[in-house]
2 protein chains.
Amino acid sequence: MQKPFQINRAYKEVQQITVAVDCLIFGFNDGNLELLLVSRSFEPERDRWSLIGGFVHNDEDLDDAAHRVLTELTGLDDVYMEQVRAFGKAKRDPYERVISVTYSALVLKKDYNDELVKSYKAEWFPIDNLPELIFDHKEMIDAAMKRLRRRVKSGPVGFNLLPEKFTLPQLQKLYEAILGEEIDKRNFRKKLNSMDFLIKLNEKDKTESKKGAYLYKFDEDKYNYVKNFNI
Amino acid sequence: MQKPFQINRAYKEVQQITVAVDCLIFGFNDGNLELLLVSRSFEPERDRWSLIGGFVHNDEDLDDAAHRVLTELTGLDDVYMEQVRAFGKAKRDPYERVISVTYSALVLKKDYNDELVKSYKAEWFPIDNLPELIFDHKEMIDAAMKRLRRRVKSGPVGFNLLPEKFTLPQLQKLYEAILGEEIDKRNFRKKLNSMDFLIKLNEKDKTESKKGAYLYKFDEDKYNYVKNFNI
DNA sequence: TCAAAAGTGTTGCTGCTACACCCATGC
DNA sequence: GCATGGGTGTAGCAGCAACACTTTTGA
């Protein structure tokens, strides 16, 4: 019997696998959770919808590759993004062998350069009304959504999707959009209050109702040290 | 400004990144959680300890590669294994550019072919007393442990680490080893009982105490459909 | 007879869920 | 004055943590 590392070493000389990253950019708009997709500008599968992806450079950290690709396609920088997982079925891309590592990000749509989006034929789609996607990109989205739902319940993420000042109804709608379920208003507020990282401002936002809703912002320090976060 | 996919396409032609998998094989022995490591039999870093890893074949699913590597090194087949995540720092392997996707598995040590282990210079190490490891393997272990702790609290995994018939004290020790903390005996049993997937047998195991502890086995059907698992 | 591990219930507390009405305002 | 969305409190219940003693038996 041979030693496995020898087997692998020998094999490795001829390995021909390309490494890619795909980014899942979630945005929140008008009560809906949206995902940014691009229309492929090259063959194969030209003009079909796809996640924002690109190949990794030889001297580039995987995480950096994801950020670079994101920046190239959106102008967004300094975004909180984390790896979901690698997708590596041999035939996931029927044209060539590519493994792809997915990253997910939450962005505030208004910070986003809309011109840039259009110039790349990128478009936002409501998460529950996505077009047909190439390869296993739908599976990637499902995995990222599942992860997002888990993360959002157990820690203070998702706030990236809101402007600096926001109202509680907005925040609640965000959670409802991500979790795909309705939340009781009173219970939601109670929990947030008990976690004590929101600062109530003396301003109201009247764009969404006649009465107006108080604006809040984060207490950055407390926000970063929330212990028992739980929605 | 160029379109990113064109940039990437051009770049891709010269991409030289090797794709590997690394397996984290957890076993449970004598009250301790252990991890299987191998001593590298080739340069560079010959004779240093390492996770069980190998390179992915061109026509092989990533998951299959992990299973193959595991089988080659341990003789174990049909093991529940899942991806942790990809590690892709450019300099993680200082000798060449390799990205590695980690997988973690829980195995029952007695099913494990001990001769095979030795022939590959593999060895079990207690999780809290690991040797120095190459590259970023320590970081991989930390990530896998974190994941394992999360998984083990929220679903019925970890039972793979026990023989078909086992005692409640054994099961409790397993959880304590994984979570790294003591658990109250009565509360632990109460929870397990309420989840109702254990079958109490009419036999006792007397190897660990004079009084002897009742043996249990899983009710496979119920085990797979536990709703509110929670330790 | 004693040492060592197995087994067993209760109580208080915390945190969750469920639920209904008044308020402020623009039209 | 009414329609629209914003804001507030309570009570019952479930699940969790904390806690101590008895049982069995081999040596």
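Atoms considered below: every heavy atom in the structure, side chains included; atoms not considered: hydrogens, waters and symmetry mates. Reminder, nothing fancy here: chain letters follow the sequence lines and each chain counts from 1. On a predicted model such as this, the values are computed, not experimentally measured, just so you know.
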Just how far, in rounded Å, is P of D/dG5 from CD of A/Glu182? 14 Å
Separation of B/Lys185 atom NZ from D/dT22 atom P, in whole Å? 14 Å
Which residue lies more 5' along DNA chain C, comparing B/Asn187 with A/Lys204 via nearest heavy atoms: B/Asn187
Would you say the side chains of A/Asp63 and A/Tyr103 form a donor-acceptor pair under 3.5 Å? yes
Which whole-number value in Å describes the distance from B/Arg189 CZ to C/dG7 P? 5 Å
State whether B/Asp136 and B/Lys89 are salt-bridged, where the test is any N-O pair (Lys NZ or Arg NE/NH1/NH2 against Asp/Glu carboxylate O) under 4.0 Å. no
Aromatic centroids of B/Phe166 and B/Phe218 separated by under 6.0 Å: yes
Give a yes or no on whether a donor-acceptor pair under 3.5 Å exists between the nucleobase atoms of D/dT8, that is its base, and the side chain of A/Lys190. no
Touch check for A/Lys173, heavy atoms < 4.0 angstrom, all strands: base, sugar-phosphate only, or nothing? nothing
How close or far is atom P of D/dG5 from atom CG of A/Leu168, stated in whole angstroms? 17 Å
Residue A/Asp184, side-chain atoms from C-beta onward, closest of C/dG7, C/dC19, C/dA3: C/dC19
Nearest-Å distance for atom pair NZ/P, residues B/Lys206 and C/dA5: 15 Å
Please compare A/Lys211 and A/Lys191 by the position of their nearest nucleotide in DNA chain C and report the one closer to 5'. A/Lys191
Taking A/Asn129 for the side chain and A/Phe125 for the main chain, is one N or O donor matched with an acceptor at less than 3.5 Å? no
Could you check how far CD of A/Glu203 sits from P of D/dG6, rounded to whole Å? 17 Å
From A/Ser100 atom OG to A/Phe135 atom CZ, the distance as rounded to the nearest 0.5 Å: 10.0 Å
Relative to the 5' end of DNA chain D, which residue comes earlier, A/Lys200 or A/Lys210, by the nucleotide with the nearest heavy atom? A/Lys210
Roughly how many Å is it from CD in B/Glu181 to C1' in D/dC16, rounded to a whole number? 14 Å
From CZ of A/Arg186 over to P of D/dT8, roughly how many Å is that when rounded to an integer? 12 Å
Are OP1 or OP2 of D/dC16 and a side-chain N or O of B/Asn230 less than 4.0 angstrom apart? yes
